[in-house]
There are 2 protein chains.
Amino acid sequence: MTDRDAVGTMAERFTATYRIETPRSAREAAEAMAGEQSASTFVDVEAETADLQERHGGDVVDVTEIGRAPEPTLPGATPEPGDVDEYVRAEVTLSLPLENVGVSVPNLRTAIAGNVFELQSLSGVRVLDVDVPPEYGEECPTPAFGVDGTRELIGVRDRPLIGTIIKPSVGLAPEETASLVETLVEAGVDFIKDDELIADPPYSPFEDRVEAVMSVINDHEAETGKKVMYAFNVTGDVEEMIHRHDVVRDAGGTCVMVSLNSVGLAAVRELRRHAELPIHGHRNGWGALSRCPQLGFEYTAYQKLWRLVGVDHLHVNGLENKFAESDESVIASARAVQDPIPGDDGALPVFSSGQWAKQAPATYERLGNADLLYLSGGGIMGHPGGPADGVAALKQGWEAATSGIPLEEYARDHEELRASMEAFGDDE
Amino acid sequence: MTDRDAVGTMAERFTATYRIETPRSAREAAEAMAGEQSASTFVDVEAETADLQERHGGDVVDVTEIGRAPEPTLPGATPEPGDVDEYVRAEVTLSLPLENVGVSVPNLRTAIAGNVFELQSLSGVRVLDVDVPPEYGEECPTPAFGVDGTRELIGVRDRPLIGTIIKPSVGLAPEETASLVETLVEAGVDFIKDDELIADPPYSPFEDRVEAVMSVINDHEAETGKKVMYAFNVTGDVEEMIHRHDVVRDAGGTCVMVSLNSVGLAAVRELRRHAELPIHGHRNGWGALSRCPQLGFEYTAYQKLWRLVGVDHLHVNGLENKFAESDESVIASARAVQDPIPGDDGALPVFSSGQWAKQAPATYERLGNADLLYLSGGGIMGHPGGPADGVAALKQGWEAATSGIPLEEYARDHEELRASMEAFGDDE
């Protein structure tokens, strides 16, 4: 499948940056990583010539010590004679020849995030970032919609997109979901998504749900001219996902959602090959890859892999969220999703988890723009004035934020915002 | 796609067992998990009725405290007023209605290993095991070959399968790989695999490699009657993997290898739908999901998901390996791979990483059988008498192990084994 003539264009390299912790010197540990992720074996074998090492070996581009720990974070790292008696933490950048992998996102993942996590010389290893050469932008099916395409489909350009999630997570029959959707579209939301726990369960068959929901959304469009975007959760086998995408498209729907970790990179790539709608990437399971600070992935690296296979929307949690993530991490994630990569000018960050108007000012101030999707569940359905007031309050909160007016001040002559602050403000 | 009539058969439940750590009481934390993974939201909403909770809610089946920690393992867990002042560790079993998900492995993964990793009420959360009802065995494309099918294809029934890995990991052109394969098949190996870092790179296009390698293997079969199994690394996009599988099959090959974490569950399922050859599952990247003991997955749970989508061979590392994993963990993993699950009587555990004859006795004693694939790289290529002596030494080591004869004793009249012990024995 790969043209051998392409070798000439493969002089490029990709780089990966890690935070490591090691009982060895940071340099020695970095060299072990570069070896494991390229040509080296543990035992020298005949065929492993210096020439091959020169052409295919990984290079250590940078090693910067950032601290020391008295105890190892992860078990299984074995000090050797002569090792330091503390555990050194460092940021390490490796460079690997593109020729080792070619333009393939799954194989890129193996090259930057494979056996390296199991090295005995490391008591911590986290992928912070990855940079791929322009070839990836040309060959990969990067996002087809992103921020602008999503705004275009919804018809909202001058403020953040306001969305919500169908709750309860499980158990609603299609007609019950559609009834809730009717309430929500009448309330003025731009976007609605399935919960990640509902895809095609027996109590809500996918096709029945699409038919019921799109009937409401299409009617609402006919009346108002506004097409609310509904992200139907197509998560499943590859052929199921492609079929479900077509069902959504044929019903006039404008978005499909996928649980990224549940299906994997290659399946999302295959969906993207067929997709004519934006792909809403749900990151459930992300905590397993990220919650130990010295292991796994930083979102900056992780989200790039998904954008390289064409995901348009990526969840980033939200400020003061109900999960374990810090605000710093949330903002770093959102910035990363907006940053250009080869082939993609920027994807749409999706804020959620305990969001209401309160977090709008800090979100805007720290992110510097409002090119985002802001999901609020209880903030809409739980508003004392009802869902329409909930949506109004969110829009008012964002008007205040983008105008630089304190919420309290803006609330004085915006009663829906004021009511939400009275209702939710003592959740603290 | 799902028949609504199937609801009647969905009275079954699946269960998931976790090790958790929490600042709350273990019971309270377990209930938060059951809620997050089923019908609950953070804010009560109108539609969430008691009836729906009854039908779709998660149940806490068991909570067993196993210890306490003075400090939280993972950041982000916030004690609340009244919480215990230590962090309780417990094993927790949850039960969820199959009706919530239906028979879908990607959606099962979301249900057992989704947002639960990010709960603020947990400072540790690791999936230990998952049990699915028999419906999964009927509907899922479980392994087509497993232990017996693999033995049949290779023609070896009375001892462990002895294999090796092509090294160096990257850089060999197809003819160089084939030349190494010639040495290895002549040396008597049963199985050879690509390194996970080589799939279809510019320097070794997949089709050229298959042609070169299978020419050697087919010639060897014509001469000796023995078909060595070569696991070609087909990792890539879905259509690439299926195409590569067909290339291997058409060339007379008998196995395809996939980097599981790099492609994901849905892509492996799609490959399995088409596959006529055993699927060799490489777990590179597994360390990111497992190396923090209070986060991620135990292999017992993880390997089941892959077997439910049809993986025949699963890597388990090896005793006294060169990576960070303990021997206890290796044996537990191998046992789990051999244990029956719905639809699969047992898959083939693949031992590797620094393996030579030395580890055979303990591996056999602790596992209780020799239904495994034993991969040795340096132990074969680095044997002082050459690769044929390396393979002979491995077979002798396993003869000793399965006969209950100490290696040292068996080595007295088995010179290849003796030579390997002299050469590698001071690696300690």
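Note that the coordinates shown come from a computational prediction; the quantities given were computed from them, not determined experimentally. All chains are named by letter (A, B, ...) in the order of the sequence lines, taking the proteins before the strands, and each is independently numbered beginning at 1.
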Report yes or no: does [X] contribute a side-chain atom to a donor-acceptor pair with the main-chain N or O of [Y] at less than 3.5 Å?
| X | Y | value |
| --- | --- | --- |
| A:R126 | A:S290 | yes |
| A:S329 | A:E325 | no |
| A:Y203 | A:G171 | yes |
| B:S376 | B:Q355 | yes |

Options [options], ranked by heavy-atom pairs under 4.5 Å with chain B, top entry:
| options | answer |
| --- | --- |
| A:L265, A:V238, A:I112 | A:V238 |
| A:M241, A:E270, A:Q37 | A:E270 |
| A:S121, A:P293, A:C292 | A:C292 |

List in chain and number order the residues that pass side chain to side chain donor-acceptor pair (under 3.5 Å) with B:S123, two or more places apart in sequence or in another chain; answer none if no residue qualifies.
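Testing B:S123 for side chain to side chain donor-acceptor pair (under 3.5 Å), a comparison that skips the adjacent residues, returns B:E21.
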State which residues pass side chain to side chain donor-acceptor pair (under 3.5 Å) with A:S104; sequence neighbours excluded, sorted by chain then number.
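Testing A:S104 for side chain to side chain donor-acceptor pair (under 3.5 Å), a comparison that skips the adjacent residues, returns A:N107.
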Looking at A:T183, A:I165, A:L184, which one forms a side chain to side chain contact (heavy atoms under 4.5 Å, CB included) with A:I380?
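The residue from A:T183, A:I165, A:L184 that satisfies side chain to side chain contact (heavy atoms under 4.5 Å, CB included) with A:I380 turns out to be A:L184.
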Per-residue contact mode, [X] against chain B (heavy atom under 4.5 angstrom):
| X | result |
| --- | --- |
| A:T110 | both |
| A:L295 | side chain |
| A:R291 | both |

Name the region of B:A77, side chain, backbone, both or neither, that has any atom closer than 4.5 Å to a heavy atom of chain A.
both
Under 4.5 Å to a heavy atom of chain A? For B:N317 that would be side chain
From CD1 (A:I166) to CG (A:D195), nearest 0.5 Å
9.5 Å
If you tally heavy-atom pairs under 4.5 Å against chain A, which of [options] wins?
| options | result |
| --- | --- |
| B:V247, B:L260, B:V170 | B:V170 |
| B:A288, B:G76, B:G264, B:G114 | B:A288 |
| B:G124, B:A267, B:A266 | B:A266 |
| B:V309, B:T235, B:I198 | B:T235 |
| B:N233, B:L122, B:T73 | B:L122 |

Just checking, is any N or O donor in the side chain of B:N115 or A:E196 under 3.5 Å from an acceptor N or O on the other one?
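Indeed, the side chains of B:N115 and A:E196 share at least one donor-acceptor pair under 3.5 Å.
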